[in-house]
There are 2 protein chains.
Amino acid sequence: MLKLTKKADYGLMALKYLAEHPEMPALSAKDIADAYGIPAQLLAKILQRLTKTGLLRSHAGMNGGYALARDARTISAFEVIHSIDGPFFITSCTKGAKGCDLTPSCTIKEPLARVNETIAGVLKSISIYDLAEREAAAAHTAAAQPLVSLTL
Amino acid sequence: MLKLTKKADYGLMALKYLAEHPEMPALSAKDIADAYGIPAQLLAKILQRLTKTGLLRSHAGMNGGYALARDARTISAFEVIHSIDGPFFITSCTKGAKGCDLTPSCTIKEPLARVNETIAGVLKSISIYDLAEREAAAAHTAAAQPLVSLTL
DNA sequence: TGAATATCCGACTTGTTCGGTCCGCATTCA
DNA sequence: TGAATGCGGACCGAACAAGTCGGATATTCA
Ligand code: SF4
Ligand code: SF4
């Protein structure tokens with residue numbers, strides 16, 4: 001319940017790692033996997049998906065690898081999770097085709113949809129850059145005020 | 001990924017239903033299950049857990065059933081979810097005993113813990129009463145301003 | 001050219017969780 | 001007593017998550 005998949009987790013780690021090493025033109029899946037102890041083949045597939053959705057750019061061949069397609073500031077955690085795990089819904093309904101069969105009689109799906117929106121907003125407000133620069137962030141974000149309002 | 005279990009879902013529905021019928025001294029699991037089409041035996045077990053954690057009061061025997069143990073305003077969605085699904089964590093680490101084995105090298109667990117806190121806060125800000133009174137709520141909560149601030 | 005290094009992609013296995021059912025027991029009340 | 005109800009464990013099947021394997025393709029370098 002309400003748990004991130006490890007794949008999404010790994011994806012965030014990898015993106016953060018790439019954001020922290022802008023000097024490298026490209027890093028291979030194996031490089032990143034070794035840096036954290038993530039199964040290399042699994043990470044490879046995750047990075048492939050991120051590439052397919054446009055968050056990363058890939059380059060095959062020797063000295064190839066992956067690099068951020070956009071500035072770290074413009075990549076949100078929401079996008080990463082969405083790319084890896086698919087559409088984001090906290091409820092089983094609105095799950096594309098096959099939701100739960102009692103959707104018509106259900107009286108809490110609308111309020112829960114708002115909650116869903118709120119959480120999605122939280123995720124969207126977090127960028128890869130935010131994850132990477134946490135030490136500096138501790139100083140000045142104390143006053144920063146993102147920003148979620150839940151009006152059920 | 002980040003999906004509520006149906007059990008928690010059912011629990012919220014049941015509690016909302018109870019909140020909407022304060023005139024009844026007690027409603028049986030079957031009554032509530034029939035009202036929505038939820039499998040009766042499954043809902044029964046859910047209500048049992050909610051009773052064990054103190055959110056409901058039960059009474060066996062004929063004309064028995066369940067009733068809210070506290071005012072609907074003081075029961076949060078977070079409590080319901082926590083009662084049914086156990087501790088609330090979006091990451092696989094901090095999962096009691098067996099987390100993911102790369103916890104030491106992981107660099108995003110701290111920021112994710114903040115996100116976890118934020119989402120928990122959202123859930124805590126929602127009461128059963130809020131779910132039950134949505135029609136009236138639509139009018140006056142437009143100005144209401146709960147209230148979550150995420151400083152990563 | 002050919003070897004080495006990469007990405008790419010689908011199929012597969014394994015373990016866990018979730019949704020749901022079943023059955024026996026305890027409690028209350030008419 | 002007996003019907004209605006709560007209580008609680010055991011159990012099952014389906015879905016899903018995590019990870020593995022094998023092979024195809026693309027790029028670079030010697
Ligand atoms: S319809 Fe209601 S019960 Fe079914 S998944 Fe949606 S919110 Fe949950
Ligand atoms: S340690 Fe890092 S990778 Fe492992 S579950 Fe926690 S956040 Fe995810």
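The shown structure was predicted, so the numbers you read here are calculated from the model rather than taken from an experiment.
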Once you round it to whole Å, what is the distance between [atom2] of [N] and [atom1] of [X]?
X: B:Lys7; N: C:dG20; atom1: NZ; atom2: C1'; result: 8 Å
X: A:Leu50; N: C:dC9; atom1: CG; atom2: P; result: 13 Å
X: A:Asn63; N: C:dA6; atom1: CG; atom2: P; result: 7 Å
X: A:Lys52; N: C:dC8; atom1: NZ; atom2: C1'; result: 9 Å
X: A:Met62; N: D:dA30; atom1: CE; atom2: C1'; result: 9 Å
X: A:Lys6; N: D:dC16; atom1: NZ; atom2: C1'; result: 15 Å
X: B:Leu4; N: C:dC18; atom1: CG; atom2: P; result: 11 Å

Please figure out whether A:Ala8 or A:Ala60 has its closest DNA chain D nucleotide nearer the 5' end.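 Its nearest nucleotide being more 5', the pick is A:Ala8.
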A:Ser105 side chain to B:Tyr36 main-chain N or O, any donor-acceptor pair under 3.5 Å?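 Between the backbone of B:Tyr36 and the side chain of A:Ser105 there is a qualifying donor-acceptor contact (under 3.5 Å).
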Residues from residues 31-47 of chain A sitting under 4.0 Å of DNA chain D, heavy atoms only?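 Those residues whose heavy atoms fall under 4.0 Å from DNA chain D, taken from residues 31-47 of chain A in numerical order, are A:Pro39, A:Gln41, A:Leu42, A:Lys45.
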Among residues 77-85 of chain A, which ones have heavy-atom contacts with DNA chain D below 4.0 Å? none
OP1 or OP2 of [N] less than 4.0 angstrom from a side-chain nitrogen or oxygen of [X], does that happen here?
X: A:His59; N: D:dT28; value: yes
X: A:Ser58; N: C:dA6; value: no
X: B:Tyr10; N: C:dG20; value: yes

Show, in sequence, the C-alpha distance, side-chain angles and deciding distance for B:Glu110 and B:Arg114, and conclude whether the salt bridge (charged side-chain N to carboxylate O under 4.0 Å, His left out) test is met. CA-CA 7 Å; B:Glu110 294 92 353; B:Arg114 315 258 188 120; over 6 Å; no
